[in-house]
Amino acid sequence: KTSGTGFLAGLTGGYAFLPLKDLDKDEKFAELARKLSFPDTPVFRLQKEWIKDERVPFIELAALDRFMSGTIAAPEPGADYMSTVMILLHPLNIGSVHIASNDPNAAPLIDHNYLDNEFDLKLLIEAYKFTRKLYSTTPLKDFIDDEVSHTPDVDNDEEIIEYIKKALGSTFHPIGTACMLPRKDGGVVDARLKVYGTKNLRVVDASILPIHIGAHLQATLYAFAEKAADIIKEDART
């Protein structure tokens, strides 16, 4: 408190979770969603409901006290940096994972199919504009000497799209490859975490989550692991 130094004197980053209403003043995203052809699955039915729910965040802004290597610029030695990552929390793209070989050690074929729909792309455009406005507003702008990624002007959507495509990447919070869903809906495990068609093979990790939450995964997975431990102990006693 006196010197402003030490472990508790600052944060490594700040995080904001924005619902659509903060980025969608004229409800254009609701109209975009209505035009999309969703698969008739529990996950996409829930996605459609979330689009109409003002409490559900769709964009995360992660402001970090360092140069993020995912940008399309290079850091200068001795300079201090701040980077903000714009994250789609509930993208509507549909990717795929397929077995590539009968070798169990071979990597699978993964196609994320990023930005395969207008909803995701336009949402990132609005998040970009929101972030640029944030950095041009006092008091934050007073701490910035220069912008090193030389991003496009907020009025040029075509240039913003090209920038997004060049800088796009994963936030490495993978889920969903062994979903807890009814088998008819593509589920892999049941409510007791057992893989369908097996007697005692369970999956206990983030892969069983069928849809992304509006937050980071860590706390949810701690709670999930505790519940999984209870389930396994209960079944062992019966």
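Taking 4.0 Å as the cut-off between side-chain N and carboxylate O, Glu27 and Arg34 do not count as a salt-bridged pair. A salt bridge between Asp235 and Arg202 is present, with a side-chain N of the basic residue lying under 4.0 Å from a carboxylate O of the acidic one. One finds no salt bridge joining Asp190 and Arg192 here, because no Lys/Arg side-chain nitrogen approaches an Asp/Glu carboxylate oxygen to under 4.0 Å. In this structure, Arg237 does not pair ionically with Glu234, as no charged nitrogen and carboxylate oxygen lie closer than 4.0 Å.
Leu123 places a side-chain heavy atom less than 4.5 Å from the side chain of Leu20. Looking at Phe29 and Glu126, their side chains come closer than 4.5 Å, going by heavy atoms from C-beta outward. In this structure, Lys129 and Leu23 have side chains that are not in contact, with every pair of non-hydrogen atoms separated by 4.5 Å or more. Proximity of His173 to Ile87: side-chain heavy atoms (C-beta onward) are nowhere separated by under 4.5 Å. With a 4.5 Å cut-off on side-chain heavy atoms, Val195 and Val203 count as touching. Within the 4.5 Å cutoff, side-chain heavy atoms of Leu209 are placed close to those of Leu221. Between Met180 and Leu193 there is a side-chain heavy-atom pair separated by less than 4.5 Å. Using a 4.5 Å heavy-atom threshold, the side chains of Phe130 and Met86 count as separate.
Looking at Asp103, its side chain does come within 3.5 Å of a backbone N or O of Asn105 through a donor-acceptor pair. Distance alone, capped at 3.5 Å, places no donor-acceptor pair between the His90 side chain and the Trp50 backbone. Ser83 places a side-chain N or O within 3.5 Å of a backbone atom of Met68 that can act as its donor or acceptor partner. Although no hydrogens or angles enter the test, the distance criterion places a donor-acceptor pair under 3.5 Å between the side chain of Tyr81 and the main chain of Glu76.
Under the 4.5 Å side-chain contact rule for hydrophobic residues, Val43 and Ile94 share a cluster. Ile208 and Tyr196 fall into different hydrophobic clusters, defined by Ile, Leu, Val, Met, Phe, Trp and Tyr side-chain heavy atoms under 4.5 Å apart, directly or through other members. The hydrophobic clustering, which links ILVMFWY residues whose side-chain heavy atoms are closer than 4.5 Å, places Leu88 and Leu36 together. Both Tyr114 and Ile211 are members of a single hydrophobic cluster when ILVMFWY side chains are connected at heavy-atom separations under 4.5 Å. Transitive grouping of hydrophobic side chains (ILVMFWY, heavy atoms separated by less than 4.5 Å) keeps Ile175 and Leu89 in distinct clusters.
Counting heavy atoms of neighbouring residues, nucleotides and ligands inside a 6.0 Å radius, atom CD1 of Ile144 exceeds 12 of them. Counting non-hydrogen atoms of other residues, nucleotides and ligands closer than 6.0 Å to CG of Asp145 gives a total of 12 or fewer. By the neighbour-count criterion of 12 heavy atoms within 6.0 Å, atom NZ of Lys122 is sparsely surrounded, having that number or fewer from other residues, nucleotides or ligands. Within a 6.0 Å sphere centred on CG of Asp230, other residues, nucleotides and ligands contribute more than 12 heavy atoms.
Between atom CD1 of residue Ile125 and atom CD1 of residue Ile164 there is a gap of 5.0 Å, rounded to the nearest 0.5 Å. Residue Leu124 holds its CG atom at 5.5 Å from CD1 of Ile59, rounded to the nearest 0.5 Å. Between the CZ atom of Phe58 and the CD atom of Gln47 there is a distance of 6.0 Å, given to the nearest 0.5 Å. A distance of 4.5 Å separates CG in Leu61 from CG in Leu18, rounded to the nearest 0.5 Å. Atom CG in Leu32 sits 8.5 Å away from atom NZ in Lys28 (nearest 0.5 Å). To the nearest 0.5 Å, the span separating CD1 on Ile51 from CZ on Phe119 amounts to 4.0 Å.
Listed here is the closest heavy atom pair of Asp24 and Ala30: OD2-N, 3.9 Å. Taking all atoms of both residues into account, the shortest heavy-atom contact from Ala228 to Val204 is CB-CG1, 3.5 Å. The nearest pair of heavy atoms linking Pro174 to Ala206 is O-CB, 3.8 Å. Among all heavy-atom pairs drawn from Asp205 and Phe224, the shortest one is O-CE2, 3.4 Å. Contact detail for Leu109 and Ala100: the closest heavy-atom pair is CG-CB, 3.6 Å. The shortest heavy-atom contact between Cys179 and Pro210 is SG-CA, 3.5 Å.
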(request) Go through the steps to decide whether Leu64 and Tyr15 satisfy the test side-chain contact (heavy atoms from CB on, under 4.5 Å), and finish with yes or no. (result) CA-CA 9 Å; Leu64 307 169; Tyr15 304 87; 3.5 Å; yes

(message) Determine whether Lys165 and Ile161 satisfy the following criterion, side-chain contact (heavy atoms from CB on, under 4.5 Å), listing intermediate values before the conclusion.
(response) CA-CA 6 Å; Lys165 290 180 177 179; Ile161 290 170; 3.7 Å; yes

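Each of Asp111, Asn93, Leu121 was evaluated against Asp116; a single residue qualifies, Asn93, per the side chain to side chain contact (heavy atoms under 4.5 Å, CB included) test.
Every residue meeting the ring pair (Phe, Tyr, Trp, His ring centres under 6.0 Å) condition with Phe44, not counting sequence neighbours, appears here in chain and number order: Phe38.
Taking the six-membered ring where tryptophan is involved, the planes of Phe17 and His216 are perpendicular, since the angle between them exceeds 60° and thus also 30°.
The closest side-chain donor-acceptor pair between Tyr222 and Glu226, if any, does not fall under 3.5 angstrom.
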